[in-house]
Amino acid sequence: AQSVAQPEDQVNVAEGNPLTVKCTYSVSGNPYLFWYVQYPNRGLQFLLKYITGDNLVKGSYGFEAEFNKSQTSFHLKKPSALVSDSALYFCAVKDGGATNKLIFGTGTLLAVQP
Amino acid sequence: DAEITQSPRHKITETGRQVTLACHQTWNHNNMFWYRQDLGHGLRLIHYSYGVQDTNKGEVSDGYSVSRSNTEDLPLTLESAASSQTSVYFCASSAGTSGSRHEQYFGPGTRLTVT
């Protein structure tokens with residue numbers, strides 16, 4: 001069965017420093033991977049996705065993610081964190097077979113200190 | 001602009017009552033999903049639909065039902081509300097099965113409290 005793991009419940013980073021939010025996956029077949037962000041009292045917003053092609057995927061708000069097949073990882077990164085990046089981040093993988101379902105991780109709370 | 005809306009945004013109900021949460025999307029998406037979000041559990045899929053008259057159970061479907069009579073709407077019904085169903089509920093939609101269209105777009109959520 002497809003699954004994703006976000007090993008860190010919370011990541012703390014100082015404003016201006018680079019940030020990484022980790023995600024590992026387990027899939028059969030080619031992975032379709034996604035990152036979402038949730039601000040307080042809001043729904044999830046799509047950030048970026050990896051379907052195929054370049055291993056470095058660029059998304060909204062200056063975020064990018066690196067697909068690493070050998071390590072089965074899809075870490076979210078940003079070169080310089082902003083206080084406004086503080087939010088809950090979810091990694092997701094498309095469920096296997098002919099399905100449109102996404103399997104979500106449990107989320108990582110990113111806290112950026114000024 | 002296309003969007004996905006949920007109503008009500010907040011609801012307080014009593015144990016045993018029937019409650020219906022509305023979800024309406026103007027993306028013209030075939031696929032619609034209902035999730036609940038609880039601390040420590042992330043997002044859990046309740047029900048989903050791939051088109052009109054199609055409904056499927058997710059991982060936590062007990063006590064919930066959905067119906068899909070048109071493309072735009074997927075109402076979620078709690079048949080007899082229980083305190084364990086106190087949660088934040090999110091509706092989402094996506095376009096289809098091709099590789100570029102799996103991303104889901106989420107509504108703002110409904111906070112349901114069952115007393």
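Proteins get letters first, then strands, A, B, ... in listed order; numbering begins at 1 in each.
Interface residue B:R111: only side-chain heavy atoms are found under 4.5 Å from chain A. Only the side chain of B:Q37 comes within contact range of chain A, with heavy atoms under 4.5 Å apart. Interface remark: A:D9 contributes no atoms to any contact with chain B (heavy atom separation under 4.5 Å). Only the side chain of A:L88 comes within contact range of chain B, with heavy atoms under 4.5 Å apart. Using a 4.5 Å cut-off between heavy atoms, A:Q45 makes no contact with chain B at all.
Counting heavy-atom neighbours within 6.0 Å of B:D38 CG, excluding the residue itself, gives a total above 12.
Under a 3.5 Å cut-off, the side chain of A:Q2 and the backbone N or O of A:S28 do form a donor-acceptor pair.
For the set A:N30, A:T106, A:L44, A:T52, the entry with the most heavy-atom pairs within less than 4.5 Å of chain B is A:L44. Annotation: maximal heavy-atom pairing with chain A below 4.5 Å, among B:P108, B:A92, B:C91, B:G109, occurs at B:P108. Your options are B:N56, B:L45, B:L43, and the one with the most heavy-atom pairs under 4.5 Å with chain A is B:L43. Here A:Q38 is the residue among A:Q6, A:Q38, A:R42 with the most heavy-atom pairs under 4.5 Å with chain B.
A donor-acceptor contact under 3.5 angstrom links the side chains of B:T77 and B:T20, judged on distance only.
Note on A:Y25: it clusters hydrophobically with A:V21, by side-chain heavy-atom contacts below 4.5 Å among ILVMFWY residues.
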Is there a side chain to side chain donor-acceptor pair (under 3.5 Å) between A:N68 and A:S70 once you walk through the steps?
CA-CA 6 Å; A:N68 187 314; A:S70 62; 2.8 Å; yes
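The only option from A:F46, A:F63, A:F34, A:Y39 that meets the ring pair (Phe, Tyr, Trp, His ring centres under 6.0 Å) definition with A:Y89 turns out to be A:F63.
Using the six-membered ring where Trp is involved, B:Y89 and B:W34 have ring planes that are perpendicular, over 60° apart on the 30 and 60° scheme.
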